[in-house]
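In what follows, a single structure is set out as structure tokens and then discussed.
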Amino acid sequence: MEKKILIVDDQFGIRILLNEVLQKEGYDTYQAANGLQALEIVKDNVPDLVLLDMKIPGMDGIEILKRMKEMVPDIKVVLMTAYGELDMIQEAMDLGAITHFAKPFDIEDIRVAVAKYLAE
């Protein structure tokens, strides 16, 4: 069965890029532009891995992460953050995020990390 990945980012271009690369790797991908969409997807199709942007209008990444962890305590979440959000990164890691990438990220680094975390 194909592994499911949820991409949560308010930037359309980033969602499309990640979606394309990860689908080529053979993953089932889901996209959410905001927290409510992301939580709906988690409820209906628990993903094997979530790529979560920290800065999303409305419900920020920390709140989304908290709610996902309430729904699925062992859900794997990788953060994507703009440079300089160190306090948010630390809080998210304390909440159970497995790693983070600073934007702009190298798509190859994300691809390798996704494969690594899904193999665990």
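Note that the coordinates shown come from a computational prediction; the quantities given were computed from them, not determined experimentally.
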| Would you say the side chain of H100 lies within less than 4.5 Å of the side chain of M54, judging by non-hydrogen atoms? | no
| query | For R67, which residues count as a side chain to side chain donor-acceptor pair (under 3.5 Å) partner, sequence neighbours excluded? | reply | E63
| request: Please round to the nearest 0.5 Å and tell me the distance separating atom CD1 of I64 and atom CG of L6. | output: 9.5 Å
| With no hydrogens and no angle check, is any side-chain donor or acceptor of K69 less than 3.5 Å from a backbone partner on I75? | yes
| With ILVMFWY side chains joined below 4.5 Å, transitively, what does M80's cluster contain besides itself? | I5, I7, I14, L17, L18, V21, L22, Y27, L49, L51, V78, I98, F101, F105, I107, I110, V114, Y117, L118
| Atom NZ of K55 with >12 non-hydrogen neighbours under 6.0 angstrom | no
| With a cutoff of under 4.5 Å between side-chain heavy atoms, which Ile, Leu, Val, Met, Phe, Trp and Tyr residues group with I16? | F12
| Contact check, side chains of M68 and V72, non-hydrogen atoms, under 4.5 Å | no
All N/O donor-acceptor pairs, side-chain side in residues 36-43, below 3.5 Å, sequence neighbours left out:
| unit_1 | atom_1 | unit_2 | atom_2 | d |
| --- | --- | --- | --- | --- |
| Q37 | OE1 | A33 | N | 2.6 |
| E40 | OE2 | K43 | NZ | 3.4 |

| query | So I56 and V8, side-chain contact (heavy atoms from CB on, under 4.5 Å) or not? Walk me through it. | reply | CA-CA 9 Å; I56 295 181; V8 186; 3.5 Å; yes
Mind listing the side-chain donor-acceptor pairs of residues 88-96 below 3.5 Å, one per line with the distance, residues two or more places apart or on another chain?
| unit_1 | atom_1 | unit_2 | atom_2 | d |
| --- | --- | --- | --- | --- |
| Q90 | NE2 | D94 | OD1 | 2.9 |

| field | Salt bridge present between K103 and D53 (N-O < 4.0 angstrom) | value | yes
| field | Heavy-atom pair with the smallest gap, counting every atom of L52 and G61 | value | CD2-O, 3.5 Å
| Reference residue T29; test side chain to side chain donor-acceptor pair (under 3.5 Å); the match among R15, Q23, K4 | Q23
| message | The criterion is side chain to side chain donor-acceptor pair (under 3.5 Å); which residues satisfy it with E2, sequence neighbours excluded? | response | none
| field | Verify same cluster id: M71, I62 (apolar side-chain graph, 4.5 Å) | value | yes
